[in-house]
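Notes follow the structure.
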Amino acid sequence: MDTKWAYLLSRLAIGLSFFGHGLVRLPKLAGFSQWMAGQFSKSYLPDAIVVPFSYILPFAELIAGLMMVLGLLTRQGLLLAGSISLMLIFGTTLIENWEALPSQLIHVAFLSVLLVYLPHNSYAVDQIIKK
């Protein structure tokens with residue numbers, strides 16, 4: 001029983017992190033995009049990649065977070081969040097923002113553990129849909 005609650009707490013924690021990241025960026029999307037383009041201005045990535053990514057990122061974070069918070073298509077939400085995290089890690093290394101890397105790696109570790117223990121995902125919309 002406690003493993004089910006532990007899974008729920010962990011899923012909610014990582015889900016809220018992604019959801020919150022996306023939510024706070026949406027109202028200031030253009031400013032966020034300009035900031036991100038500035039961060040990558042001296043990297044190998046051209047604006048033609050950075051700018052579209054910066055507009056898609058908050059929506060992807062919000063969607064992945066919502067999927068995890070609700071426990072709706074949990075596996076897909078975890079994999080989406082993992083893909084987002086891997087892209088962010090790649091970008092972080094390109095601009096040598098080593099301070100951000102530990103947080104991103106912790107997110108990936110959480111997501112990986114949640115994937116491994118997915119059978120404990122009892123308190124989720126996924127379980128209602130199964131029935």
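Only this structure's heavy atoms are used, side chains among them; waters, hydrogens and symmetry mates stay out. This one's a predicted model, so the numbers in the text were calculated from it and none came from an experiment.
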Under 3.5 Å, is there a donor-acceptor pair between the side chain of R11 and the main chain of Y123? yes

Are L80 and L105 connected in the hydrophobic side-chain network, where two residues link if heavy atoms are under 4.5 Å apart? no

Rounded at 0.5 Å granularity, tell me how far OH in Y44 sits from CG in L94. 8.0 Å

Examine distances only and state if a side-chain atom of S103 and a backbone atom of A100 form a donor-acceptor pair shorter than 3.5 Å. no

Linking directly or through intermediates, with side-chain heavy atoms under 4.5 Å: list the remaining ILVMFWY members grouped with I56, chain and number order. none

Is there a continuous path of hydrophobic side-chain contacts, each under 4.5 Å between heavy atoms, that joins L45 to W35? yes

Distance (rounded to the nearest 0.5 Å) between L114 CG and L78 CG: 5.5 Å

Interatomic distance, D2 atom CG to H120 atom NE2 [nearest 0.5 angstrom]: 12.0 Å

So the ring pair (Phe, Tyr, Trp, His ring centres under 6.0 Å) pairs with at least one residue in residues 50-78 (sequence neighbours excluded) are none

Distance in Å, K4 NZ paired with Q127 CD, rounded so as to fall on 0.5 Å steps: 8.5 Å

Tell me whether L29 is reachable from V51 by hopping between hydrophobic residues (I, L, V, M, F, W, Y) whose side-chain heavy atoms are closer than 4.5 Å. yes

Would a hydrophobic clustering, with Ile, Leu, Val, Met, Phe, Trp and Tyr connected at side-chain separations under 4.5 Å, put L73 with I128? no

Determine which pairs satisfy ring pair (Phe, Tyr, Trp, His ring centres under 6.0 Å) with at least one residue from residues 89-108, sequence neighbours left out, and list them in order. F18-H107

G38 to S41 - nearest heavy-atom pair and separation: O-OG, 2.9 Å

Could you report the tightest heavy-atom contact between M68 and L111, atom names first, then the distance? SD-CD2, 3.8 Å

For residues E61 and L88, determine if any side-chain heavy atom of one lies less than 4.5 Å from a side-chain heavy atom of the other. yes

Separation of I129 CD1 from L72 CG (nearest 0.5 Å): 5.0 Å

Can you list the residues that meet the side-chain hydrogen bond (donor to acceptor under 3.5 Å, both in side chains) rule with S85, with sequence neighbours excluded? none

Under a 4.5 Å cut-off applied to non-hydrogen side-chain atoms, are L115 and L79 in contact? yes

So, for I84 and A64, which heavy atoms are closest and what is the spacing to 0.1 Å? CD1-CB, 4.2 Å

Are L57 and I89 connected in the hydrophobic side-chain network, where two residues link if heavy atoms are under 4.5 Å apart? no

Residues which pass side-chain contact (heavy atoms from CB on, under 4.5 Å) with I106, listed by chain and number, not counting sequence neighbours: F110

Quick check: closest heavy atoms across P27 and L23, and the distance to 0.1 Å? CD-O, 3.1 Å

Hits for side-chain hydrogen bond (donor to acceptor under 3.5 Å, both in side chains) against S33, two or more places apart or cross-chain, chain-then-number order -> S54

Spacing of CG belonging to L62 relative to NE2 belonging to H21, to within rounding of 0.5 Å: 12.5 Å

Nearest heavy-atom contact between Q39 and I95 is O-CG2, 3.4 Å

Option among V125, I14, L12 that satisfies the side chain to side chain contact (heavy atoms under 4.5 Å, CB included) test with V69: L12

Check whether any side-chain heavy atom of I49 sits under 4.5 Å from a side-chain heavy atom of P46, and report yes or no. yes

